[in-house]
Structures are given as C-alpha cells and as structure tokens.
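Just so we're clear, the structure is a prediction, and the values are computed from it rather than from any experiment. Reminder, nothing fancy here: chain letters follow the sequence lines and each chain counts from 1.
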Amino acid sequence: MTDTSNPDHTLPSHFIRHMIDHDLASGKHDGRVQTRFPPEPNGFLHIGHAKSICLNFGLAEQYQGACNMRFDDTNPEKESQEFIDAIKADVNWLGFKWHGEVRYTSAYFQQLFDFALQLIRNGKAYVCSLTPEQAREYRGSLTEPGRNSPYRERSFEENLELFLRMQKGEFADGEHSLRAKIDMSSPNINMRDPIIYRIRNVEHHQTGDYWKVYPMYDYAHCISDALEHITHSLCTLEFEDHRPLYDWILNNLTLDSLKNACLELGNLPDDINYVLPEQTEFARLNINYNVMSKRKLKELVELGLVNGWDDPRMPTLSGLRRRGFTPASIRRFCDIIGMSRSESIVDVGMLEHCIREDLDEHSARAMCVLRPLKVTLINFTDEQAQTLSLPRHPKRDIGNRQIQFGPTLYIDETDFEQTPPPGYKRLSPGDEVRLRGAYVIKCEDVIRDQNGKVIELLCSLDPATLGQNPQGRKVKGVIHWVPAEGALRAEVRIYDRLFNNANPDDKALGDFKNSLNPDSLQVLTDCLVEPSLASAAAEESFQFEREGYFCVDRFDSRPDALVFNRTVSLRDSWTKTNG
RNA sequence: UGGGGUGUCGCCAAGUUGGUAAGGCAUCAGAUUUUGAUUCUGACAUGCGUUGGUUCGAGUCCAGCCACCCCAGCCA
C-alpha cells in the first residue's frame, strides 16, 4: 500500500545535488557517489534521522551509487545491541537497502590503532598526561589561544611505549590520552591538539574487552569514511567546524596506507580509483511542537512521561510507525521539506499533510462511532433488516464491505445537538440527516435519563432514500453510524501533539517538559466499529469516515479486543471555525 | 571581545554566468460532493535582514551594519 514512485513528484533541486552534479561533471571522486548513514547506536532513530537516511540513500539511488549502513560505535559506554537492532529495523522499514553488510566503526579498531601508530611515528600525535581538568585549562577559551601541553614534545619512543601500554590496560581511565599535534593557538578550538584516543576500561558491545583505548569521533569518522571509500560524507551543521580536522587527519596519513587498508578490508573494487572523502554539512530537521534531541527523547522515556521509544506520540520512527505513519509518507515528507544550510523549524502540518495524502489514496474506509448514542428507528422492523454493501474506497475499486442495517444502530454523541448552532449539518430534533451509505432519518423524539443526559434518539426512516435523494427537499448532512447488530467494541487511542508549545526547546520557557501537553493521549474504550473490521490486520490503516485515519495497534490489538490508534484527524473546516 | 555559519511570503524552499521573485504547506473565497474529507478553481512577496555603492538593470556583485545559530566533552 505504499507506492513510493509517484511520477508527479520530481526530485527537488538542492545544494547537495548541485554539488554532486558538479562533481560528476568534473570527474571528481572518480565520478562516483558513495554515501553512508552512520548513526551511533545510543538511542532510537527519529524523523530527523529520516532526513539524513533519505538524503544518503536517496542520493545513492539517484546517482546509481551506493550507501553504506555503518554504526559509529566508538563510545561503548552509551551504546547497546538493543539500539543496533532497532536502528536496523527502522531503516529497513523505511524501505532502504544498504550496500553490502552492515558496517561498524569498531570493526576498524585495529586499522585505526595502526594509523595512530603512524601518526605517532611521524611526530603528528603524542601521549598527553594532563588530567581532563588541566587539559581544559590548557585549551584556552573562545577568545584566548590555548597553551602547549608540557607533554607535547615527548619522544617518539616514549609516545609509542605509552600508547601501547594504554592499550594493554596499564592505566586508569583519563590517566593519559593520545592527541593530534596541530596548533594550540588555532582560532578553531577543534584544531587545538584534539584528543584522538582515550582510555576506557569497559566492555564494548561488539569487540568485548579486547580494547582499552577507544578512538574519538573526529579521528574515527574520517578514517572510517576513507576505509569505505565514501565520496560524499554528509552530516549536520554542527560538524562544520570539525571539517578542517576531518581533512587534517586524512591528509596527515599517507594515501597509500589508507588505500591499502581499504583494499585489505575488501572494500575497494579494483576498477575504481581511490579518492579521499569530503564532508558536506546540511541543516538538521526541527519540527514545531516537537523535540528532536536524543537526550530529551531519552529523558521522556526514562521518566515514564511516554510509554517507551515507540510511543505513538514520539517523533521516533518506531513511534511514527506505531502511530500509523507509512514509510512512503515519511519519505515524501523528507522530499518536500527541502535541503539547505539554514536552521529552520518545519511546520508539523507538513508531516500531517504527507500522511493524509498517502492514507487518503490508499486506506480503506470504515465507520467507527467513538462515543455511541443509541438510535431506534420507529418505522423499521427486524423483518425489514437488510445487508448493505458499501465501497471500501470512494475513488479506487478495492472492493466492498457488508453492513447489516436494522432498526437499532449507533451514531456519535457529537452528531446530535438539541439546539443546533447556525450552519449545523447534523442531527437535531425534527431535522433530517443521512446515515452514510443508507437512509435519511428524522429525529422524532429524544429520550433522557434522570440527569437530563440524552441516552437514545427515536427516529423515523424515509424508505425512499436508499441510494437516492429525497423528493422535494434537500438533506444537508451525512453522518456515520454503526449497526447494533454485529458492531464490534474497540478501544481507540486519540493522540494529540505531545507539546503545547510550538517550540519546546525555547530556553525562555525553562525546562522543555514544562511544555508537555497533559491531554496528548485520550483513550476511548467503548467505541463501536463496523463488523468488517473484525479481520483487520496489525498495522493496517483505515479512514474512519468523518473522523480521521486510524491504524490497528501493532502490539496491543487482538481480534477479540481491537485497539486502534488515531494517526491524524481529517482536515476539518467545521470545528476549526466553530470550536 | 576569537572562529565558523545563516538570513527570500505565516512555515519550508527554488532562484544557472546580474535582466525584472518557482513550488509545497498553511490560510481565505468559490464549485462539485451520500465523508463539513477528497477533488477542482481563484486569491495570497513592486518584495528578497538592513543601509549605502557599482550597473541601463541586483535576491543575485561590492562595502558597512543588524539579528540568529554552532564551537571551549578524554560525547557523537
């Protein structure tokens, strides 16, 4: 049901595509496009990652290149196999195929270590024994240059011996570090002798307890890209200042050693020329009424403010999936938001537009009464009951469904008003309305309980209105209904935005949790759905007519106890202007 | 007060070597409609952060301002 190839949707142009077109035209990068998606397995993927995934995999598809899937797992303390599995599942779900096997930066630890030895040998790196606090002092500030570490001029022999001993586990965490010898007075703080290896006496989820030293991102990432002969290394804007370091590392290693390591790993087909990767940055995705930082999402999960990473209110891919978003809708969203270098906040309405667009075309229609109100037809008997056949989609022929129509049925409480406001097109005393796909009925009487609450409507039916309009008068409204006979009870979870404030990240608002919407989840347990939904499959989406798009909860729904999640409501120009 | 970036319609975002402001979302108005949905039609920046300059002509070139974002983790 997810057609991702809509011919009307031409690929929008953006600066990265322009750059690649230019690269290809000039023969740069050997005329190849090799990208990679490199998440750290320390959390779940969110819609912001989808932007990067669509970019990297999309570019590879468009230019007949390839995109690698690589776990940037250089910090074992924060990572786990659970996240690796979840991330792979999310990328698969989005429908992208990575090139070859899944890669791990940790699989390059030996090569990375050897390259560090090369830097040490060439006087480009040294073991520093400053404490973390001292290192911070020596680094200087934004406006003041740093000072050279007293350990900066250690001999090659001493550096080599110390680094080897670091890996042997002879030192405690933080006792020493390996630093690139660049320039402590650089205005770019990333170039002030950055630490490239630190001691971590912990177990790594992939390599066990073999390694005692772990490479830092800046050191490992560029080399990993080189080892996979990536051509275009795409990342977000905050890494812009790291680009000079990315280039410094690669340029201070011999091209031959990089190429040979790439060859030894079996990553380099012999029909291509080896070229170094280049980093390009783009703006990360922000969506209003949402938070997109892994730290904040993690906090919501750990404090129990949401029901896990895949809570349908979360902007995580697993949350969106459970909410009922389709891969096609997310890919489409990533296409239409564009790609630029300016920080921006995309309106969540764009995301909603994308899922409505997809579901309107692909999902079957059904009727569901969220808050049942009994209706008894006073001029219709059990003997007259009949089976109605209604199309599953108003425009596409995807079959019909059957519904029993008898003397008692249910409509939604909100579709009846004792004293209708101007412009009201639903049911009210003495007025007519059409039951969708069935007859026109007229409200003759209202039954209330001792508190005055309306509990039943007595209506008359016009037998001449099945499939045709009544004579001499116009019935303005159509409402949905469900038969008393055969309707299924269901739980429906109505989700609203997780945050009340358009920008929960706004520092002026204090903690982002202050903006949490207390009514983001409303559970309705006495809903009634039409009988045809008995066979609904997990994750299947439906449009509950006049209400919105809903999907069968992939974990909690059972055939005898259906659970639906509201993905998004229908556009509604009535309640929008009438409360 | 250092360095690196960004500023085009309410929100995203195109704008080839300067030639007279795409598109989408949202919004508003109308038509169709057994979903107040969908679909269709129309409206929606003499204006491109700002001030000057160059030019026959500037969003596009130059200069100066202003605003916002990122960087001082042995995180990524």
With the side chain of [X] defined as its heavy atoms from C-beta on, choose the nearest nucleotide among [options].
| X | options | answer |
| --- | --- | --- |
| A:Met350 | B:C75, B:G36, B:C25 | B:C25 |
| A:Arg571 | B:U1, B:A76, B:U27 | B:U27 |
| A:Leu570 | B:G36, B:A76, B:A37 | B:A37 |
| A:Asp241 | B:G4, B:A26, B:U35 | B:G4 |
| A:Leu142 | B:A72, B:G3, B:G36 | B:A72 |
| A:Ser177 | B:C12, B:C74, B:A72 | B:C74 |
| A:Arg436 | B:G36, B:A76, B:U34 | B:U34 |

For nucleotides [N] and [M], find the distance between their [atom1] atoms and express it as a whole number of Å.
| N | M | atom1 | result |
| --- | --- | --- | --- |
| B:A14 | B:A43 | P | 25 Å |
| B:C62 | B:U55 | C1' | 12 Å |
| B:U38 | B:A31 | C1' | 14 Å |
| B:A22 | B:C44 | C1' | 15 Å |

Report the distance from atom [atom1] of [X] to atom [atom2] of [N], rounded to the nearest whole Å.
| X | N | atom1 | atom2 | answer |
| --- | --- | --- | --- | --- |
| A:Glu240 | B:G4 | CD | P | 10 Å |
| A:His362 | B:U38 | NE2 | P | 17 Å |
| A:Glu361 | B:U39 | CD | P | 10 Å |
| A:Asp218 | B:C70 | CG | P | 18 Å |
| A:Arg284 | B:C68 | CZ | P | 21 Å |
| A:Arg147 | B:A72 | CZ | C1' | 14 Å |
| A:Arg36 | B:A76 | CZ | P | 15 Å |

Tell me whether the side-chain N/O atoms of [X] come closer than 4.0 Å to OP1 or OP2 in [N].
| X | N | value |
| --- | --- | --- |
| A:His480 | B:U35 | no |
| A:Arg546 | B:G36 | yes |
| A:Arg295 | B:C75 | no |
| A:Arg139 | B:G73 | yes |
| A:Arg198 | B:C75 | yes |
| A:Thr131 | B:C74 | no |
| A:Arg136 | B:C74 | no |
| A:Lys476 | B:U34 | no |

Tell me, please, whether A:Tyr138 has A:Arg147 positioned over its six-membered ring: NZ or CZ under 6.0 Å from the ring centre and within 45 degrees of its axis?
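Satisfied, under 6.0 Å and within 45°.
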
Row check, A:Tyr289 ring normal vs A:Arg497 NZ/CZ: under 6.0 Å, within 45°
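Pair A:Arg497/A:Tyr289 counts as cation-pi.
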
A:Asp358 bridged to A:Arg332 by N-O distance under 4.0 Å
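Salt bridge: no.
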
Would you call the rings of A:Tyr439 and A:Phe405 parallel, tilted or perpendicular if under 30° counts as parallel and over 60° as perpendicular?
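Judged by the thresholds at 30° and 60°, the geometry between A:Tyr439 and A:Phe405 is tilted.
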
Look at the rings of A:Trp211 and A:Phe113 and say which category their plane angle falls in: under 30° parallel, 30 to 60° tilted, over 60° perpendicular.
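Because their plane-to-plane angle lies in the 30° to 60° range, the rings of A:Trp211 and A:Phe113 count as tilted.
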
Any N or O donor-acceptor pair under 3.5 Å from the base of B:U34 to the side chain of A:Gln468?
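Answer no: no donor N or O sits under 3.5 Å from an acceptor.
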
Mark yes or no for a side-chain to base donor-acceptor pair under 3.5 Å between A:Arg426 and B:G36, with no hydrogen or angle criteria applied.
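Indeed, a donor on one side and an acceptor on the other fall under 3.5 Å apart.
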
Looking across every strand, which nucleic acid part, if any, lies under 4.0 Å from [X] by heavy atom: base, sugar-phosphate, or nothing?
| X | result |
| --- | --- |
| A:Pro145 | nothing |
| A:Ile287 | nothing |
| A:Gly349 | sugar-phosphate |
| A:Ile345 | sugar-phosphate |
| A:Gln543 | base |
| A:Thr575 | nothing |
| A:Arg179 | nothing |
| A:Phe239 | base |
| A:Tyr549 | nothing |
| A:Gly477 | nothing |
| A:Lys395 | base |
| A:Leu130 | base |
| A:Gly548 | nothing |

From A:Tyr219, A:Phe115, A:Phe171, residue fulfilling ring-ring contact (aromatic ring centres under 6.0 Å, His included) relative to A:Tyr197
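Passing option: A:Tyr219.
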
Whether the [X] and [Y] side chains hold a donor-acceptor pair (N or O, under 3.5 Å, no angle test) is what I'd like checked.
| X | Y | result |
| --- | --- | --- |
| A:Ser129 | A:Arg154 | yes |
| A:Gln279 | A:Glu281 | yes |
| A:Ser342 | A:Ser340 | yes |
| A:Tyr424 | A:Asn578 | no |
| A:Gln206 | A:Gln81 | yes |

Produce the list of close N/O pairs, under 3.5 Å, pairing protein atoms with atoms of nucleotides 13-16 of chain B; give distances to one decimal.
unit_1 : atom_1 : unit_2   : atom_2 : d
B:A13  : OP1    : A:Ser340 : OG     : 2.6
B:A14  : OP1    : A:Met339 : O      : 2.9
B:A14  : O3'    : A:Ser13  : OG     : 3.1
B:G15  : OP1    : A:Ser13  : OG     : 3.2
B:G15  : OP1    : A:His18  : NE2    : 2.1

Could you go through A:Tyr217 and A:His221, starting from their C-alpha distance and side-chain angles, then the distance that decides it, and tell me whether this counts as ring-ring contact (aromatic ring centres under 6.0 Å, His included)?
CA-CA 6 Å; A:Tyr217 164 85; A:His221 203 89; 4.9 Å; yes

Candidate pair A:Arg401 and A:Glu530, rule salt bridge (charged side-chain N to carboxylate O under 4.0 Å, His left out), full reasoning:
CA-CA 10 Å; A:Arg401 65 207 140 113; A:Glu530 63 172 70; 2.5 Å; yes

Treat a base pair as Watson-Crick or G-U wobble with both distances under 3.5 Å, then lay out RNA chain B in dot-bracket form, 5' to 3', with | for cross-strand pairs.
.((((((..(((......[...))).(((((.......))))).....(((((..]....))))))))))).....

Does any part of the side chain of A:Leu245, heavy atoms only, come nearer than 4.5 Å to the side chain of A:Asn188, both counted from C-beta?
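No, too far: nothing below the 4.5 Å cut-off.
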
Is B:G4 syn or is it anti, if syn means the base angle is within 90 degrees of 0?
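For B:G4, whose glycosidic angle is more than 90° from 0, the conformation is anti.
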
